[in-house]
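Below: the structure, in structure tokens.
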Number of protein chains: 2
Amino acid sequence: MNPKLEDIARAMGVSTATVSNALSGKGRVSEALKDRIRQEATRLGYVPSVQARALRTGRSGVIGLVLPDIANPLFPALAQSVEAAAQARGLGVLIADSRGTREAQAQALQRLVRQGADGLVVVPRRGTQMPPLGVPVAMIDAASTPGNTICADHRQGGALIVEHLRLRGHRKILIVGQSSASRVQTDRVAGMTEALSGDMTGRVLWLEDAPLPAPYDLLADGFTALAATSDLIALPLLTRLQAAGLRVPRDIAVTGFDNHAFSALVAPGLTTVAQDLPAIAEGALESVLAQLDAHPAPPPRTVPVELLVRGTTTSTNQTDKETCP
Amino acid sequence: MNPKLEDIARAMGVSTATVSNALSGKGRVSEALKDRIRQEATRLGYVPSVQARALRTGRSGVIGLVLPDIANPLFPALAQSVEAAAQARGLGVLIADSRGTREAQAQALQRLVRQGADGLVVVPRRGTQMPPLGVPVAMIDAASTPGNTICADHRQGGALIVEHLRLRGHRKILIVGQSSASRVQTDRVAGMTEALSGDMTGRVLWLEDAPLPAPYDLLADGFTALAATSDLIALPLLTRLQAAGLRVPRDIAVTGFDNHAFSALVAPGLTTVAQDLPAIAEGALESVLAQLDAHPAPPPRTVPVELLVRGTTTSTNQTDKETCP
DNA sequence: CTGTTAGCGCATTCAC
DNA sequence: GTGAATGCGCTAACAG
């Protein structure tokens, strides 16, 4: 059995309360004694019992993280950032997968609070109405989502993409999204269309409504660039164009969104927009912690994004020369 | 405040112990009373305090999951399976990222046990020596890894790939791995080389040692197929070949490993080997739970894999016709 | 069959 | 500054 407060108290001839105070720095204990107690504690290899502490304080030191759709590599990446932020504060992260449906998500939320999470960070499914859970919650979605706590500046990202394409000489671009029911995607598309300058035209295509035209039809229609709302969409586009014998970006340029791990690996590298995941994770956690301390939740925030220019929009066909991968 | 055992005990004029027994089904309580107590419990919306239960029983109902390298989509996918398996047993999953180094991994392990994990599921970094942690551990790596608990049959996967390529008429293949220090990769490569029939030749290339030859040199050397030890390697190969103007699989075939989410999305679809992640997760969890019940750990196990044949090895160039994605 | 009792390990009153 | 006492909510012994 691990040593407990009582063991180290007895070993030093003081009371458990004093040891507790000394280790936590809370109560008033003389500096000298404090030091000696701390030494003895580390000497014995004392490790506080989180369970006892949780029972006593009502805080488990664990926050719950609810993610949708593990197939999108963005979410694991975000999870990593949340875990890092939590771990820097000595907190643990309980994960749950909102497998498929909003009901499953609701159950996942409940489960995490029942399992003792002090607060929740949620990447909500579309159309989520947050039920009252009794613990602080931070939502990471899109600026236009009601109740959103923090998110990347998806509009700005869209604008950066279009601006970049304009500078590269593109005047007619096809904006390709998956679903217009996604706030994130519509925000990105809005950013793109708003940024179209007078001499540019853009058409928006939602893949859930209509398939992508055949590669050569795109060229015939005068499109010189495909701007996808996600790398996960851009990758099939890119490979499909290449499989059809087109050269990217010589024949047509492609851009994505989110800078997934594979985006730097493909040839040519995918031009994309990177979210500042660490900042978003920090912000979400801060919001939860603030609410835990009975502070008001900080106002919703939007985090700047960064354009990453790679081969799918820059013409040098270096792809044949570079070593791989 | 939530109702506690005492509240429902008082409401029914019985003792807390009886309520506890009734709800857990442990002690001997008359069926009639049991039912009435359960009804009252749900009526009051009783939710047991995991913290109190954990303090009392020494079990937190949480297992820790340690993953390396979030950039590899396999690990999030595995995490999802572990979470599903845990959730089916009413357990929670605390995650930790063994960020980069083995020391970080060691700290992550410690942190999880300090945070109260009852047991650990670990996907170890290369060369990991498991320190004694005081809780049951299951390791998911490769059959050849000492101390491994359960894993996919990587050798079989390699064999399936080579056999498939042979049936498709390939006789000279280049096997491409990242690092020969990875047990998983060496097991896969071993499976491949062992499966080479008499009239086949295979060369092994580790990308950490030497770069991939230029695409046209591969053809000149007579290679008709590239067999990668991971989809994450196959994807750059595929796109690089395509960017160089080669047709896959007409000019050269490509295979991967692990069936990452993007592998079905690229064009042509990537032929690959899928691990049975749910089975692996179940097995790992079972091992931990068995050890928790003081049963001996079940013997190491290997889980069959499945070959997924897609466009990168099947010649019809349907990729121009199919809708996308 | 059911109730009483006694902690699990800690943090917090309140006396001294 | 320090210590003794109390209870967080639950379950495992044992006593009835």
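Keep in mind the model is a prediction, meaning the values are calculated, not measured. Residue numbers begin at 1 in each chain, while the letters A, B, ... track the order of the sequences.
Of all nucleotides listed (D:dT11, C:dG9, C:dA11), C:dA11 comes nearest to the side chain of A:Thr57. Comparing D:dC10, D:dT2, C:dG3 against the side chain of B:Thr18 picks out C:dG3 as the nearest. Among D:dC10, D:dG3, C:dG9, the nucleotide with an atom closest to any side-chain atom of A:Val14 is D:dG3.
Distances shown here put every side-chain N or O of B:Arg56 at or beyond 4.0 Å from the OP1 or OP2 atom of C:dG7. Applying the 4.0 Å criterion to OP1 and OP2 of D:dC10, one finds that B:Ser20 has every side-chain N and O outside that range. For the OP1/OP2 pair of C:dT2 and a distance below 4.0 Å, the side-chain nitrogens and oxygens of B:Ser30 include at least one atom meeting the criterion. Residue A:Ser15 places none of its side-chain N or O atoms closer than 4.0 Å to OP1 or OP2 of D:dA4.
Taking for each of A:Leu55 and B:Asn21 the nucleotide of DNA chain D with the nearest heavy atom, the 5'-most of the two is the partner of A:Leu55. Between B:Thr16 and A:Lys4, the one whose closest nucleotide on DNA chain C sits nearer the 5' end is B:Thr16.
With rounding to whole Å, A:Leu23 atom CG is found 14 Å from D:dT2 atom P. In this structure, A:Asp7 places its CG atom 9 Å from P of C:dC10, rounding to the nearest Å. A:Leu5 has its CG atom 19 Å from the P atom of D:dG7, to the nearest Å. As rounded to whole Å, 14 Å separates atom P of C:dT5 from atom CD of B:Glu6. Separating the CZ atom of A:Arg59 from the P atom of D:dC8 is a distance of 18 Å, rounded to the nearest angstrom. Rounded to whole Å, the distance from CZ on B:Arg53 to C1' on D:dG9 is 10 Å. Rounding to whole angstrom units, NZ of residue A:Lys34 and C1' of D:dT2 are separated by 13 Å. Whole-Å rounding puts the A:Arg10 CZ to D:dA4 C1' distance at 16 Å.
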side-chain contact (heavy atoms from CB on, under 4.5 Å) between A:Ser81 and A:Ile280, worked out: CA-CA 8 Å; A:Ser81 290; A:Ile280 293 172; over 6 Å; no

Residues A:Met130, A:Val122; criterion side-chain contact (heavy atoms from CB on, under 4.5 Å); working and verdict: CA-CA 10 Å; A:Met130 267 299 167; A:Val122 182; 3.5 Å; yes

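Within a 6.0 Å radius of CZ in A:Arg89, more than 12 heavy atoms belonging to other residues, nucleotides or ligands are found.
For the atom pair CG of B:Leu120 and CG of B:Leu94, the computed distance is 9.5 Å after rounding to the nearest 0.5 Å.
Between B:Asp7 and B:Lys4, no side-chain nitrogen of the basic residue sits less than 4.0 Å from a carboxylate oxygen of the acidic one, so the salt-bridge criterion is not met.
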